[in-house]
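One structure is given here, and the rest of the page talks about it.
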Amino acid sequence: MVTVIDTLKAPAARPRHPEKAHRPDTPILRKPEWIRVKAPGSPVYTETRRIVRENNLVTVCEEAGCPNIGECWTKKHATMMIMGDTCTRACAFCNVKTGLPAPLDADEPENVANAVAKLGLRHVVITSVDRDDLADGGARHFVEVIEAIRRRSPGTTVEILTPDFLRKDGALEMVVAARPDVFNHNLETVPRLYLNIRPGARYFHSLRLLQRVKELDPTIFTKSGIMAGLGETREEVLQVMDDMRSANIDFLTIGQYLQPTRKHAAVDRFVTPDEFKSYETIARTKGFLLVSSSPLTRSSYHADEDFARLSAARNAAQPRT
C-alpha cells in the first residue's frame with residue numbers, strides 16, 4: 001500500500017466578498033460616542049442564540065453585523081433571514097456573504113415557525129438574501145414561511161423585508177396574496193448613489209414595488225428605509241421622502257451607515273442625533289404614519305412596538321363616523 005501525502009498548501013478559504021477582495025482599502029472612521037453599544041452577553045441573549053442554532057436558522061442580526069443585536073436578542077427579538085446566508089447581489093454597503101447560494105431548504109418554513117413559537121414572539125420580521133438565481137426570486141418560499149408561522153402562531157403578526165423581485169413577473173403578487181401585516185423593502189440610499197452603492201438594483205423599480213403593494217392590498221402597511229452618511233445631501237433625502245409619500249409608504253426608517261470592512265463603501269460622515277431628529281420632524285409633516293430616525297435605527301429595530309404604533313396611528317387617522 002502506498003500512502004500519498006499532499007504537501008501542497010490547502011487552498012485559502014473563499015473570501016466572504018470575492019467581488020470586493022481586490023478593491024483598495026478605504027479608511028474606517030472612528031465612531032462617535034452616540035454610535036457605541038454594549039457587547040451582548042445576557043442569559044436571555046444566550047437563550048435566543050440557542051433557539052436560533054437549534055432550528056438551523058440564519059439571522060440578519062448576525063450576518064449584517066447589526067449593532068443592536070445585544071439589545072434585541074435580550075428581548076428575544078431575532079430577525080430571521082431565509083433562503084440561506086449567501087446573496088446573489090453585491091451591494092457596496094452590505095456585509096452578507098455573496099456568491100452562488102445553495103438550494104432552498106424545504107424544512108426552513110417549519111423551522112422558522114418553530115423558532116417563532118419557542119421565542120414567544122408577538123411580532124416577527126422575516127427577511128432574506130437576494131435570490132436572482134430562482135425563477136420567482138424566492139417569492140413562493142416567503143409565502144410558505146408566512147403560512148407556517150400563521151399555522152403555528154396565529155396571534156403573531158408578520159413583517160417581511162423582501163428583495164426587489166427585479167424581473168420576476170408575478171413574484172410580488174404571490175407574496176402580497178399571503179397578506180403579511182407589514183411589507184418592507186428598503187430603498188437604502190438616494191438615486192444618485194445607486195450605481196456605486198446598490199448597483200444590482202433600480203431606484204424607481206423599488207419605489208414602484210412598494211406602490212404596487214398598496215394597489216394590490218391597501219390594508220398592508222408598507223415600510224422602507226434609507227441609510228445616512230453615504231454622501232447624500234439633505235435635499236436628496238427630502239426628495240426621497242417625497243417619492244415615498246407619492247408611493248403611499250406608511251413607515252420610514254433612517255439610520256446611520258456603518259462600514260463593515262475596509263473593502264466596503266466608506267462612511268462619508270457620521271450624521272448627528274440632532275440631524276436625525278430634524279429628518280424625523282420633517283418626515284412626519286410629510287404624512288408618514290410612523291418615522292424612526294436615529295443613528296442606531298435599523299429596519300427591524302423595535303419592530304414589535306412600532307407595529308402597535310403603526311396600527312394606532314392608522315386608527316387615529318381614519319375619519320370617525
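Fair warning: this is a prediction, and the values are worked out from it, not measured in the lab.
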Evaluate the side-chain contact (heavy atoms from CB on, under 4.5 Å) criterion for residues R167 and R202: first the C-alpha distance (whole Å), next the side-chain angles of each, then the deciding distance (0.1 Å), finally the verdict. CA-CA 11 Å; R167 303 184 187 92; R202 303 294 180 267; 4.2 Å; yes

Minimum side-chain heavy-atom gap [X]-[Y] below 4.5 Å:
X: P295; Y: P273; result: yes
X: V116; Y: R152; result: no
X: R234; Y: S278; result: yes
X: S128; Y: P163; result: yes
X: P18; Y: T98; result: yes
X: P191; Y: V240; result: yes
X: V176; Y: I220; result: yes
X: D243; Y: I249; result: no

Can you check whether [Y]'s main-chain N or O pairs, donor with acceptor, with [X]'s side chain at less than 3.5 Å?
X: D130; Y: D132; answer: no
X: T272; Y: E275; answer: yes
X: N55; Y: L57; answer: no
X: R16; Y: N95; answer: yes
X: Q256; Y: R269; answer: yes
X: Y194; Y: L187; answer: yes
X: E54; Y: I51; answer: no
X: S293; Y: F276; answer: yes
X: R298; Y: G255; answer: no
X: T26; Y: H264; answer: yes

Nearest heavy-atom neighbours spanning [X] and [Y]:
X: G138; Y: M83; result: CA-SD, 3.4 Å
X: R89; Y: G200; result: NH1-O, 3.4 Å
X: L161; Y: F142; result: O-CZ, 3.9 Å
X: A90; Y: P199; result: O-CG, 4.2 Å
X: V129; Y: T86; result: CG2-O, 3.5 Å
X: L230; Y: Y257; result: CD2-CD2, 3.4 Å

If you apply the rule salt bridge (Lys or Arg N to Asp or Glu O under 4.0 Å), what do you find for E110 with R151, and how did you get there? CA-CA 10 Å; E110 291 302 326; R151 285 193 301 269; 2.8 Å; yes

Point-to-point distance, once rounded to the nearest 0.5 Å, from [atom1] of [X] to [atom2] of [Y]:
X: K286; Y: I282; atom1: NZ; atom2: CD1; result: 7.0 Å
X: F251; Y: L290; atom1: CZ; atom2: CG; result: 4.0 Å
X: R49; Y: T59; atom1: CZ; atom2: OG1; result: 11.0 Å
X: R23; Y: T261; atom1: CZ; atom2: OG1; result: 9.5 Å
X: L119; Y: L121; atom1: CG; atom2: CG; result: 5.0 Å
X: I160; Y: N184; atom1: CD1; atom2: CG; result: 9.0 Å

Within 6.0 angstrom of [X] [atom1], more than 12 heavy atoms from elsewhere:
X: R53; atom1: CZ; answer: yes
X: N56; atom1: CG; answer: no
X: K31; atom1: NZ; answer: no

Please tell me whether [X] and [Y] have a donor and an acceptor in their side chains that are separated by less than 3.5 angstrom.
X: R179; Y: T219; result: yes
X: S206; Y: H185; result: yes
X: E232; Y: T189; result: no
X: S292; Y: T297; result: yes
X: S300; Y: E159; result: no

Can you see whether F221 has R314 sitting over its ring - NZ or CZ less than 6.0 Å from the centre and within 45° of the normal?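 Checked: cation-pi criterion met.
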
Establish, yes or no, whether the cationic atom of R245 lies under 6.0 Å from the six-membered ring centre of F288 and within 45° of the ring axis.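 Yes, cation above the ring, under 6.0 Å and within 45°.
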
Is [X] salt-bridged to [Y], cutoff N-O under 4.0 Å?
X: E173; Y: R212; value: yes
X: K118; Y: E47; value: no
X: D136; Y: K168; value: no

Hey, what else clusters with V143 if you join Ile, Leu, Val, Met, Phe, Trp, Tyr whenever side-chain heavy atoms sit under 4.5 Å?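 V143 shares its hydrophobic cluster with M174.
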
Hey, mind stepping through V96 and M81 against side-chain contact (heavy atoms from CB on, under 4.5 Å) and telling me if it holds? CA-CA 10 Å; V96 173; M81 190 169 80; 4.1 Å; yes

Dump the intermediate steps for side-chain contact (heavy atoms from CB on, under 4.5 Å) on V145 and I149, then the final yes or no. CA-CA 6 Å; V145 170; I149 293 170; 3.9 Å; yes

What verdict does the side-chain contact (heavy atoms from CB on, under 4.5 Å) test give for L238 and E235, after you've listed the backbone C-alpha separation in whole Å, the side-chain angles of each residue and the deciding distance to 0.1 Å? CA-CA 5 Å; L238 301 189; E235 291 73 20; 5.8 Å; no

Are [Y] and [X] connected into the same hydrophobic cluster when the rule is that any two of I, L, V, M, F, W, Y join if their side-chain heavy atoms are below 4.5 Å apart?
X: Y203; Y: V237; result: yes
X: M244; Y: L209; result: yes
X: M80; Y: V44; result: no
X: I28; Y: V271; result: no
X: I35; Y: I254; result: yes

Determine, step by step, whether K277 and D274 satisfy the salt bridge (Lys or Arg N to Asp or Glu O under 4.0 Å) criterion, reporting the C-alpha distance in whole Å, the side-chain angles of both residues, the deciding distance to 0.1 Å, and the verdict. CA-CA 5 Å; K277 187 64 178 177; D274 285 345; over 6 Å; no

Take D250 and K214 through the test salt bridge (Lys or Arg N to Asp or Glu O under 4.0 Å) and record every step on the way to the result. CA-CA 10 Å; D250 297 307; K214 279 293 189 186; 2.8 Å; yes

Full working for salt bridge (Lys or Arg N to Asp or Glu O under 4.0 Å) between D181 and R150: CA-CA 11 Å; D181 296 281; R150 293 254 168 84; 3.2 Å; yes

Look at the rings of H123 and F307 and say which category their plane angle falls in: under 30° parallel, 30 to 60° tilted, over 60° perpendicular.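 Ring orientation of H123 relative to F307: parallel.
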
